[in-house]
Number of protein chains: 2
Amino acid sequence: MTTYYNEHSKVFVSVDCIIFGFEDKKLKLLLGKRHMDPGRGEWSLYGGFVEEDESLDDAANRVLYELTGLRGLYMKQVGAFGAIDRDPGERVVSIAYCALINVRDYDQKLLNEHQVEWVNLENLPELYSDHNDMVTKAITLLRRRISSEPLSFNLLPSLFTLTQLQNVYEAILGENIDKRNFRKRTKTIDYIEKTDKIDKITSKRGAALYRFNKQAYIDDPIFKL
Amino acid sequence: MTTYYNEHSKVFVSVDCIIFGFEDKKLKLLLGKRHMDPGRGEWSLYGGFVEEDESLDDAANRVLYELTGLRGLYMKQVGAFGAIDRDPGERVVSIAYCALINVRDYDQKLLNEHQVEWVNLENLPELYSDHNDMVTKAITLLRRRISSEPLSFNLLPSLFTLTQLQNVYEAILGENIDKRNFRKRTKTIDYIEKTDKIDKITSKRGAALYRFNKQAYIDDPIFKL
DNA sequence: TCAAAAGTGTTTGCTGTACACCCATGC
DNA sequence: GCATGGGTGTACAGCAAACACTTTTGA
């Protein structure tokens, strides 16, 4: 039961993107140093203000596109952050969004252009404002969801080996997984399909490449890994 | 990396409260009819604007207190809703919060005073704006959390019978639970304590009253029911 | 005496977990 | 020929699910 608008104050609303990537068996985050005040020089998530003509989701996708040049990425709202003085300049409410991208899809030139880099989650620096809280919450959600939703594939190329897939789970959950048990489980999942292609890059013997059959998942959306 | 504030537009930010209650083996929602434009007369969640001197969480707690006169209730953010035209009047971004309260703690007089009522979740009417979406998301989160966090106790009096507790789970999960298996599980949970009190209201024979020992939970916060 | 809710154990199947060795290849 | 990562099966335990009858008491 809201009361009349004009008795109330407006605030800035922004979105901040927690962008996860995966490389060298490690989870990474795309971070940059702020190049404006307040907080100039501090490590920060990449964000932007929500404009009049766009929804929150649109704003998050726009910001992500500006940074990566990629569209249609997996993205999910993490939550709204609204402490009074969370932004040192003005009152800004920010909606955090979490994205999962395949590091190899990300154009290296853009790293320099936007002055961002992939930072290992393990040695996360102190971030601007409440961005550390945002990251913490995003990781909690990611850990909870990774076993019941097919998110892991977003962090990998469309063709991947079972070892790569297992490495993603180990990085996110922060624990070692038994190889035989893991592969046994993948075998029961119909839409993790073995292709006839072989990856010869990471091993001498070569490893079978698998792919995620999205349509098969949509037809029977049960996931447990 | 946000750019300068004054290039951007401010918007109204509100909170909306999804208030769950439990009575007669049914989950209920506290709803009212809007008594102002836009949307006058439509069923709606109870909400309010976020003011300059309060955080989002503070605003949600204030709104909930205004409505119920109760403080310290369980409350959790559901998410931010920000479609451009979600509010027919002005651009308003709203943060949905979910609260769990014991219906018997709620002063009946306030029902009339605020013109709200408990509505069975099963026959939920069409709500103002995107409030149905908020409710749907809140229920999804509630279902997911009820088995791994001690939320159910918030919907019950401090002393409750195991049958009442089971009824809460059945109402939230929407399925019948085997009584013996359910009670077996409760027995393994140390902080669901049997008291020496007997409830003689709902049964002739009388049922043992239990209580949730919050401190014991905090000391060993593992929950699985 | 009957209706209504409380209370109580056992069996069975399945799922999750622990565990170690051979294979193919490039260098 | 050896170092590197790929690939495979079994046994056991613990948990989850199915299942039916007795007890108490107020009306």
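To find a chain, count down the sequence lines: A is the first, B the second, and so on, and within it residues start at 1.
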ask   = Checking A:N181 side chain against A:D178 main chain: does a donor-acceptor pair fall under 3.5 Å?
value = no
Next item on the list: Give a yes-or-no answer on whether the side chains of B:Y97 and B:N61 include a donor-acceptor pair shorter than 3.5 Å.
Entry: no
Do B:D199 and B:T161 have side-chain atoms, one donor and one acceptor, less than 3.5 Å apart?
-> no
CG (B:L159) and NZ (B:K197) are apart, to the nearest 0.5 Å, by 6.0 Å
Counting only heavy atoms not in A:I218, do more than 12 fall under 6.0 Å of its CD1?
-> yes
So NZ of B:K26 and CD of B:E170: to nearest 0.5 Å the spacing works out to 11.0 Å
So, with a heavy-atom separation below 4.0 Å from DNA chain D, the residues of residues 142-177 of chain B are none
**Q.** Heavy atoms of other groups near A:Q215 CD, more than 12 under 6.0 Å
**A.** yes
Bounded by its outermost nucleotides with an atom under 4.0 Å from a heavy atom of chain B, the footprint on DNA chain D reads D:dA17 to D:dG26
Task: Donor-acceptor contact present, side-chain A:R40 to main-chain A:H35, <3.5 Å - done: yes
- request: Flag the pair A:E113 and A:K109 as a salt bridge only when some basic side-chain nitrogen lies within less than 4.0 angstrom of an acidic carboxylate oxygen.
  value: no
In 5'-to-3' order, the base (B), backbone-only (S) or no-contact (-) status of each nucleotide in nucleotides 17-27 of chain C, using a 4.0 angstrom heavy-atom cut-off, is BBBB--BBBS-
Ordered by number, residues from residues 187-196 of chain B within less than 4.0 Å of DNA chain D (heavy atoms) are none
Here the ring pair (Phe, Tyr, Trp, His ring centres under 6.0 Å) pairs for residues 156-194 of chain A, sequence neighbours left out, are A:F153-A:F160, A:Y169-A:F182, A:Y191-A:F212, A:Y191-A:Y217
The side-chain hydrogen bond (donor to acceptor under 3.5 Å, both in side chains) partners of B:S55 (sequence neighbours excluded) come to B:D58
Looking only at heavy atoms, the pair that brings A:H131 and A:L45 closest together is ND1-N, 3.1 Å
